[in-house]
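Okay, structure first, notes after.
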2 protein chains.
Amino acid sequence: MNDAREIRAKSGTNHEGTSAHNRRVMIDALRLNGSLSRADLSRATKLTKQTVSNIIEELEGDGLVLSLDVVRKGRGQPSTPYKLVPDGAFAIGLQIDRHVTRAAAVNLIGNVLVRAEANLPPGGPSRGAKVILDLIESVRKELATLSVQSEKRLVGLGVAMPGPFGMDIVDDDPWMMAAWQNFPLLETLAAGTGLDVGLQNDASASATAERMVGVANGLDHAVCLYLGYGIGAGLILNGELYNGANGNAGEIGMVLTPPRHAGERHQALEHRASLASLYQHMGLDPADPALHTKLAAAALSSEPSLAGWIELAAGDLRWSVQIIETIFDPETVIICGSAPEPLARRLMQAMDPLLPSIAERRTRRLPRVQLGMTDPWAVALGAAAEPISRAFDPRFSAILKTRANG
Amino acid sequence: MNDAREIRAKSGTNHEGTSAHNRRVMIDALRLNGSLSRADLSRATKLTKQTVSNIIEELEGDGLVLSLDVVRKGRGQPSTPYKLVPDGAFAIGLQIDRHVTRAAAVNLIGNVLVRAEANLPPGGPSRGAKVILDLIESVRKELATLSVQSEKRLVGLGVAMPGPFGMDIVDDDPWMMAAWQNFPLLETLAAGTGLDVGLQNDASASATAERMVGVANGLDHAVCLYLGYGIGAGLILNGELYNGANGNAGEIGMVLTPPRHAGERHQALEHRASLASLYQHMGLDPADPALHTKLAAAALSSEPSLAGWIELAAGDLRWSVQIIETIFDPETVIICGSAPEPLARRLMQAMDPLLPSIAERRTRRLPRVQLGMTDPWAVALGAAAEPISRAFDPRFSAILKTRANG
DNA sequence: GAAATAAGTCAAGACAATTGACTTAATAAG
DNA sequence: CTTATTAAGTCAATTGTCTTGACTTATTTC
């Protein structure tokens with residue numbers, strides 16, 4: 001029917017897809033509920049007891065689940081609960097920031113087992129790539145000392161760095177984030193480590209972390225408002241991270257905000273509500289290694305210039321939250337980022353009262369806005385959580401055939 | 001493991017899920033590509049020739065596909081292309097608007113076969129429900145005269161009405177849209193028609209229509225900016241309509257816009273860029289039956305008050321498009337709605353040049369903004385397209401088990 | 001005319017979930 | 001203290017769906 005005309009279609013599926021999905025569903029259920037018996041799993045997943053038994057046996061054989069003590073409760077044969085084996089799988093996450101890179105190893109349930117960081121030399125990837133590969137290697141070595149099986153059970157490498165990706169680069173900065181984005185990073189890392197590599201921006205990584213071990217755990221619709229050097233949103237929609245057509249969904253830094261006062265020009269959100277704007281406002285040096293500590297201290301004091309920025313930024317964030325609620329209709333909005341926790345907390349407080357929005361409903365179960373992780377390691381954790389999610393979370397794409405046969 | 005504690009888990013799947021998915025994938029491929037041979041389908045879906053043959057045979061038996069003339073092309077046995085049978089399935093769509101309700105019947109490929117409209121009496125659902133049921137009944141009867149099989153092949157009823165849904169009602173208007181939203185409409189319609197009923201807001205319905213037969217056909221990431229009495233966005237993300245946690249995603253009317261000039265208060269977008277705002281600006285009566293014609297005429301003239309509104313609204317839309325691009329990273333933004341086409345066209349032109357955004361990339365294949373349907377029947381069409389999509393489009397939820405056995 | 005190529009079929013096989021009867025082990029009831 | 005009831009979990013056979021590999025058919029190219 002077609003010469004070279006491209007045929008567009010989604011993939012079909014087969015037994016393998018079915019089986020893979022059911023395995024993922026069971027792992028997901030165990031992660032979400034802590035421990036469940038085979039009978040529980042059967043009811044929850046709508047699969048038969050027999051099927052659940054078969055899959056559990058398989059998962060147990062693979063070292064992904066283990067049985068706990070028998071539980072007596074009411075009539076009937078006592079049940080044997082199962083839970084995930086924490087060290088049933090590992091993943092490594094890498095955060096590439098302006099002047100520093102962090103790597104972390106996590107296990108199947110999101111515990112951080114190893115962390116390591118290194119300074120990135122200025123000059124971008126030409127010099128930095130080596131630093132990164134060494135850092136990953138050292139994390140991998142250390143992980144191997146904690147678990148003999150770590151190498152065998154390593155499911156991938158997740159990378160997080162500031163977006164947006166794939167843009168025609170216009171401006172650059174001394175730390176050459178743009179150069180990083182043009183560099184064939186994924187290929188280099190895949191070749192250098194032999195691992196499957198995934199990429200997210202900071203905000204998405206944060207959301208991934210919140211979903212695995214944070215306040216977004218078990219939520220299918222949540223947005224992480226990530227306040228870092230820039231500002232971004234990590235989108236969890238229908239239980240999966242949403243990336244958009246080009247991987248740039250949620251890059252809200254370029255959104256134009258309402259002017260604060262008469263005569264002010266419209267400004268991009270990231271010039272008003274981001275740590276970069278705070279540094280500028282307070283005349284701080286972004287490269288100062290003690291910056292985080294200083295900011296934390298300032299946040300606990302009554303520093304007037306900080307208070308001024310908080311007041312202004314909270315206004316923009318209040319507006320941002322309202323837009324996010326209005327556009328996404330999420331269960332909750334999570335404030336996270338690399339700001340020191342006292343600062344994030346003060347920002348949260350300053351955002352109160354929130355603007356009226358569609359999110360104000362009596363049937364709400366969760367707060368409209370919650371504080372998420374502010375740990376500087378959260379992004380690396382999210383980066384590491386991504387391969388775990390890719391390997392074990394139920395998702396449409398995991399069902400589809402990836403190669404043809406016949 | 002649990003007393004009454006609720007266990008949260010996703011559903012598993014089985015052979016039926018596999019088969020259902022593969023059927024949907026084939027139908028989707030045929031819809032998207034017009035006609036394909038079994039060999040084409042096998043390559044495109046990654047299923048084996050044999051599997052494709054089996055499914056095609058089944059679909060042919062179900063009257064959903066039919067074979068075309070054999071095509072000779074190059075070496076090898078000539079291929080037999082298949083295409084969808086237009087009248088292989090039908091659905092009815094219902095639009096409930098302020099003072100009017102429209103019903104349309106479409107077939108499997110989105111052709112509108114029947115349309116009918118009725119005035120809604122003031123007073124909300126207490127009197128309107130009957131009008132609606134009668135209208136649906138008349139469409140159904142007329143459809144039956146066009147196809148003997150229509151009743152057997154009717155897959156559902158789709159309803160579209162202005163959102164947001166499930167809110168604590170604050171203000172109301174004479175046409176009592178709020179009352180409609182509180183009324184158990186879906187239950188009433190399901191009981192009154194015996195059909196499966198789905199609900200969307202206007203903007204989502206518009207997006208559904210654009211995806212089935214409009215400029216979003218085949219796109220996996222697109223946003224429809226719907227300009228009606230209010231304003232909303234219909235979100236196609238990952239190839240599916242996105243509804244949010246409570247079905248209100250895309251209800252952007254409440255977004256606060258940047259002030260137009262010093263001293264102006266922040267205003268909700270729907271008070272500035274919506275037909276309601278135009279009516280107010282021009283002193284038009286929204287209930288005037290000739291309104292659409294008058295507006296169309298005005299749009300073709302050089303009416304200064306209309307030109308003034310266009311200038312203002314275009315500014316807000318420009319900003320809205322930039323936010324949408326920044327947040328969703330879609331392949332394209334589609335302007336649609338119930339404004340007369342000349343008006344929509346002028347608005348589009350007035351939006352040029354668009355604000356700089358992440359969407360400006362050299363690798364773009366589609367325009368950043370495109371004009372979609374402005375037909376007053378587009379929403380009813382989208383409403384009717386929804387059950388077709390629900391029944392035939394590949395989607396994650398269609399794979400999952402819905403009832404337990406064992 | 002023979003070789004190459006491609007579409008499509010046939011029949012057997014493989015895989016994974018389902019079915020229904022059965023076993024095991026506890027509590028509740030008399 | 002015995003028996004009935006309830007629930008967890010297993011066993012073995014069955015079913016549904018896709019895959020496999022060999023085969024047939026039809027066309028073009030050499």
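Excluded from the calculations below are hydrogen atoms, water molecules and symmetry mates; all remaining heavy atoms, backbone and side chain alike, are included. Just so we're on the same page: letters track the sequence lines, and every chain starts at 1.
Between Leu47(A) atom CG and dT19(C) atom P there is a gap of 12 Å when expressed in whole angstrom units. Rounded to whole Å, atom P of dA16(C) lies 14 Å from atom CD of Glu57(A).
With hydrogens and angles ignored, no donor-acceptor pair under 3.5 angstrom links the side chain of His15(B) to the base of dA17(C). For Gln50(B) against dC10(C), a side-chain-to-base donor-acceptor contact under 3.5 Å is present.
Mapping Thr48(A) and Gly74(A) onto DNA chain C by nearest heavy atom places Thr48(A) at the nucleotide closer to the 5' end. Mapping Arg38(B) and Ala20(A) onto DNA chain C by nearest heavy atom places Arg38(B) closer to the 5' end of the strand.
Contacts between chain A and DNA chain D, taken as any atom within less than 4.0 angstrom of a protein heavy atom, begin and end at dT5(D) to dT20(D).
Contact annotation for Thr51(A): base contact, defined as any heavy-atom pair under 4.0 Å involving a base atom. Residue contacts for Arg23(B): at a heavy-atom cut-off of 4.0 Å it reaches no nucleic acid atom on any strand shown.
Contact annotation: Lys401(B) side-chain N/O to dT18(C) OP1/OP2 distance is under 4.0 Å. Residue Asn54(A) places no side-chain N or O under 4.0 Å from the OP1 or OP2 atom of dA16(C). In terms of phosphate contacts, Thr18(A) brings no side-chain nitrogen or oxygen within less than 4.0 Å of OP1 or OP2 of dA16(C). Look at Arg72(B) and you won't find any side-chain N or O under 4.0 angstrom from OP1 or OP2 of dA7(C).
Between atom CD1 of residue Ile236(A) and atom CG of residue Leu219(A) there is a gap of 7.5 Å, rounded to the nearest 0.5 Å.
Within a 6.0 Å sphere centred on CD of Glu57(A), other residues, nucleotides and ligands contribute 12 heavy atoms or fewer.
The nearest pair of heavy atoms linking Leu47(B) to Ser42(B) is O-OG, 2.7 Å.
Proximity of a side-chain donor or acceptor of His221(A) to a complementary backbone N or O of Phe328(A) within less than 3.5 Å is not detected.
Checked against dT18(C), dA26(C), dC10(C), the side chain of Arg75(A) finds its nearest nucleotide in dA26(C).
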